[in-house]
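Take this structure first; my questions come after.
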Amino acid sequence: MEGGWPARGGVLLCLTVSLLLQGRGDAFTINCSGFDQHGVDPAAFQAVFDRKAFRPFTNYSIPTRVNISFTLSAILGVDAQLQLLTSFLWIDLVWDNPFINWNPKECVGINKLTVLAENLWLPDIFIVESMDVDQTPSGLTAYISSEGRIKYDKPMRVTSICNLDIFYFPFDQQNCTFTFSSFLYTVDGMLLGMDKEVWEITDTSRNVIRTQGEWELLGINKATPKMSVGNNLYDQITFYVAIRRRPSLYIINLLVPSSFLVAIDALSFYLPAESENRAPFKITLLLGYNVFLLMMNDLLPASGTPLISVYFALCLSLMVVSLLETVFITHLLHVATTQPPPMPRWLHSLLLHCTGPGRCCPTAPHKGNKGLGLTPTHLPGPKEPGELAGKKLGPGETELDGGSGWTKAQLVELWVQFSHVMDTLLFRLYLLFMASSIITVIVLWNT
Ligand SMILES: *[C@@H]1O[C@H](CO)[C@@H](O)[C@H](O)[C@H]1NC(C)=O
Ligand SMILES: *[C@@H]1O[C@H](CO)[C@@H](O)[C@H](O)[C@H]1NC(C)=O
Ligand SMILES: *[C@@H]1O[C@H](CO)[C@@H](O)[C@H](O)[C@H]1NC(C)=O
Ligand SMILES: *[C@@H]1O[C@H](CO)[C@@H](O)[C@H](O)[C@H]1NC(C)=O
């Protein structure tokens with residue numbers, strides 16, 4: 001009696017276990033006698049629907065594996081001030097529910113059904129960067145297959161925080177992240193996986209983004225960091241979405257007009273310095289540029305200092321500098337023609353050196369200077385002032401300047417010549433500064 005017990009006990013145990021397993025198998029298999037071509041008996045799924053409050057598991061230690069993929073269907077906008085990216089995603093979630101299981105052969109060949117998603121347990125996947133409440137529309141459905149695989153797709157407008165760098169605006173690229181994670185379940189309860197390869201996600205997104213909006217999708221990358229909060233470890237999948245701005249709007253509306261205005265400003269140096277028009281012309285340009293900046297202000301990012309603002313400031317300062325130069329030259333000419341001060345010898349020899357034959361100085365700005373008719377050869381040398389003065393001017397007009405021996409007329413001519421040399425020199429400096437700063441800005445933009 002005592003000896004026979006274990007054997008009989010073993011048989012009993014085996015019987016019990018097999019009965020239990022049998023029972024379990026039955027309990028999880030949906031009785032589809034109610035299925036036919038005209039519809040599905042809701043009672044068949046009632047047991048599954050009743051369990052929707054709980055994560056569907058048959059062994060608590062086995063985490064639910066949710067596979068994720070998404071399609072980026074639109075990039076709606078980038079807010080540089082709030083550092084937000086607004087986009088539209090179609091999120092696909094796939095997981096297994098062990099309580100859903102039927103035999104398609106017994107169920108008139110049905111192996112896939114759609115069920116209103118609110119009748120099922122849904123994983124609480126969210127996007128960590130999202131700064132908006134979940135705007136998933138209600139009444140979505142999910143596919144359930146005869147093996148218990150659930151495929152749930154939802155459209156979602158995502159306003160996500162993104163570290164935007166607008167320094168290179170409008171030639172900027174942004175690298176934004178979408179991190180999918182479970183809100184509640186740690187790695188013991190939920191694991192995340194990929195439903196599609198990243199290149200597939202990138203390709204479908206490229207094909208789906210039909211709008212030729214401001215932003216262009218460059219590529220999507222993936223990383224799978226785990227996030228630990230306290231003692232809890234959460235599974236995550238991070239997607240890096242690289243987007244690039246299409247700059248043509250900004251080139252046409254901002255860069256081209258600005259460059260034209262600066263070019264006209266540079267060309268206005270060719271207006272004769274004696275004419276009254278140069279300063280008003282430059283003031284008009286400056287005014288026009290300010291109006292342009294005011295009107296185009298809306299196109300610029302609302303925060304930060306992009307390189308384009310530096311470029312605009314540079315253009316504005318070039319215009320101001322050129323106006324100041326004109327004021328200076330006008331003043332010099334005024335002084336020269338009304339009460340020329342004695343010219344220091346070193347300045348005179350420098351002037352001679354500068355305007356001597358074969359020198360470069362007499363250039364375009366002098367072309368308007370026809371009224372004076374002064375060429376370097378007409379200039380008196382320092383050693384023969386009296387002789388020249390005597391030849392050219394009558395005795396009554398001769399008005400010797402203190403010490404230097406030049407008549408006033410000669411002094412005027414010398415100073416006028418000096419003004420023109422200064423004008424040319426400053427014009428060249430201006431061109432040099434303009435070229436170097438614009439090249440610097442372009443080089444910075446290209447890096
Ligand atoms: C399925 O349910 C029907 C009644 O709705 C019942 O007659 C049938 O025996 C059940 N089948 C199984 C395998 O439990
Ligand atoms: C549950 O799963 C764990 C880990 O896979 C395993 O060790 C354990 O035996 C399972 N329990 C049951 C009742 O199947
Ligand atoms: C998730 O993906 C993994 C690996 O690609 C695969 O083995 C697993 O069956 C998938 N699970 C679901 C529920 O799709
Ligand atoms: C985006 O940034 C991440 C991390 O900073 C980097 O791994 C990834 O390569 C970047 N992607 C692109 C396209 O630059």
Side-chain angles (χ1 to χ4, degrees), residues 13 16-25 27-28 55-70 72 75 78 83 85 87 91-101 111-112 115 117 120-125 127-129 142-154 160-168 171-182 185-203 205-206 209 215-227 235-245 447:
L13 200 70
T16 325
V17 165
S18 65
L19 270 176
L20 266 177
L21 281 178
Q22 183 77 43
R24 202 183 72 170
F28 300 152
R55 177 169 75 90
F57 58 84
T58 47
N59 179 346
Y60 182 72
S61 325
I62 298 176
T64 303
R65 186 181 173 100
V66 180
N67 285 356
I68 295 176
S69 78
F70 71 94
L72 182 66
I75 299 166
V78 169
Q83 303 266 295
L85 167 78
S87 50
I91 298 176
D92 304 350
L93 303 173
V94 180
W95 70 97
D96 285 331
N97 185 334
F99 301 120
I100 299 178
N101 181 21
N111 55 12
K112 210 174 173 189
V115 169
L120 298 168
W121 175 86
L122 301 173
D124 58 343
I125 303 293
I127 294 176
V128 176
E129 288 83 9
Y143 268 117
I144 55 177
S145 77
S146 57
E147 295 97 48
R149 184 146 293 186
I150 300 180
K151 184 164 159 47
Y152 176 53
D153 297 356
K154 58 175 177 178
S160 60
I161 198 144
C162 177
N163 193 5
L164 299 167
D165 178 9
I166 43 107
F167 182 68
Y168 293 107
F171 303 103
D172 52 338
Q173 286 184 14
Q174 309 294 348
N175 189 354
C176 293
T177 51
F178 293 126
T179 304
F180 290 83
S181 178
S182 166
Y185 295 101
T186 59
V187 284
D188 303 327
M190 192 180 288
L191 289 179
L192 302 182
M194 295 284 292
D195 190 37
K196 279 187 206 159
E197 294 300 319
V198 188
W199 62 264
E200 281 181 87
I201 296 180
T202 315
D203 278 4
S205 300
R206 277 224 187 88
I209 297 184
W215 294 90
E216 173 188 6
L217 178 68
L218 285 183
I220 299 177
N221 279 330
K222 181 198 82 165
T224 48
K226 298 247 190 297
M227 180 176 66
D235 204 9
Q236 288 188 334
I237 300 184
T238 301
F239 294 96
Y240 296 100
V241 178
I243 53 176
R244 182 172 58 199
R245 200 189 292 268
T447 47

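Read the numbers this way: they start at 1 and go in the same order the structure lists the ligands and their atoms. Hydrogens, waters and symmetry mates play no part in the numbers below; they use all other heavy atoms, side chains included. We number each residue from 1, following the sequence as shown.
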Within a reach of under 6.0 Å around NZ of Lys226, are more than 12 heavy atoms found that belong to other residues, nucleotides or ligands?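 For Lys226, atom NZ is crowded (more than 12 foreign heavy atoms under 6.0 Å).
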
Glu129 side chain vs Thr179 backbone, donor-acceptor pair below 3.5 Å: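 A pair under 3.5 Å: yes.
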
Could you tell me which atoms of ligand 3, counted from 1 in the order shown, lie closer than 4.0 angstrom to a heavy atom of Trp95?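 Ligand 3 atoms under the 4.0 Å threshold to Trp95: 13 (C).
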
Hey, which atoms in ligand 3 end up nearer than 4.0 Å to a heavy atom of Asp96?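 Ligand 3 atoms under the 4.0 Å threshold to Asp96: 13 (C).
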
Can you list the steps and then say if Tyr168 with Phe171 is a ring pair (Phe, Tyr, Trp, His ring centres under 6.0 Å)? CA-CA 5 Å; Tyr168 293 107; Phe171 303 103; 9.3 Å; no

From atom 5 (O) of ligand 4, is the closest protein heavy-atom distance below 4.0 Å?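 No, because not a single protein heavy atom sits under 4.0 Å from atom 5 (O) of ligand 4.
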
How far is atom 7 (O) of ligand 4 from its nearest protein heavy atom, and which residue and atom is that?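 Checked against all protein heavy atoms, atom 7 (O) of ligand 4 sits closest to Tyr240 CE1, 4.4 Å.
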
Starting from atom 9 (O) of ligand 3, locate the nearest protein heavy atom and write down its residue, its atom name and how far away it is, to 0.1 Å.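 Going atom by atom, the protein heavy atom closest to atom 9 (O) of ligand 3 ends up being Arg149 NH2, 3.5 Å.
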
Using side-chain contact (heavy atoms from CB on, under 4.5 Å) as the criterion, point out the one residue from Ile75, Leu85, Ile166 that pairs with Gln174.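 Output: one option passes, namely Ile166.
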
Around Tyr143, counting heavy atoms of other residues, nucleotides and ligands shown, do more than 12 lie under 6.0 Å from its OH?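 Count not over threshold, so no.
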
How far is atom 10 (C) of ligand 3 from its nearest protein heavy atom, and which residue and atom name does that atom have?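 Its nearest protein heavy-atom neighbour is Asn67 ND2, 2.5 Å.
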
Mark up the atoms of ligand 3 that fall under 4.0 Å of a heavy atom belonging to Val94, in ascending order.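 Here the atoms of ligand 3 in question are 13 (C), 14 (O).
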
Please could you name the atoms of ligand 4 that Ala242 approaches to less than 4.0 Å, counting only its heavy atoms?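 Going through ligand 4 atom by atom, the ones under 4.0 Å from Ala242 are 13 (C).
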
Please write down residue, atom name and distance for the protein heavy atom closest to atom 2 (O) of ligand 4.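 Atom 2 (O) of ligand 4 sits closest to the protein heavy atom Asn175 ND2, 2.3 Å.
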
Under the 3.5 angstrom rule, does the side chain of Arg206 hit a backbone N or O of Ile201 as a donor-acceptor pair?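 Looks like no, no N/O pair under 3.5 Å.
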
Counting only heavy atoms not in Gln173, do more than 12 fall under 6.0 Å of its CD?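 Correct, the count exceeds 12.
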
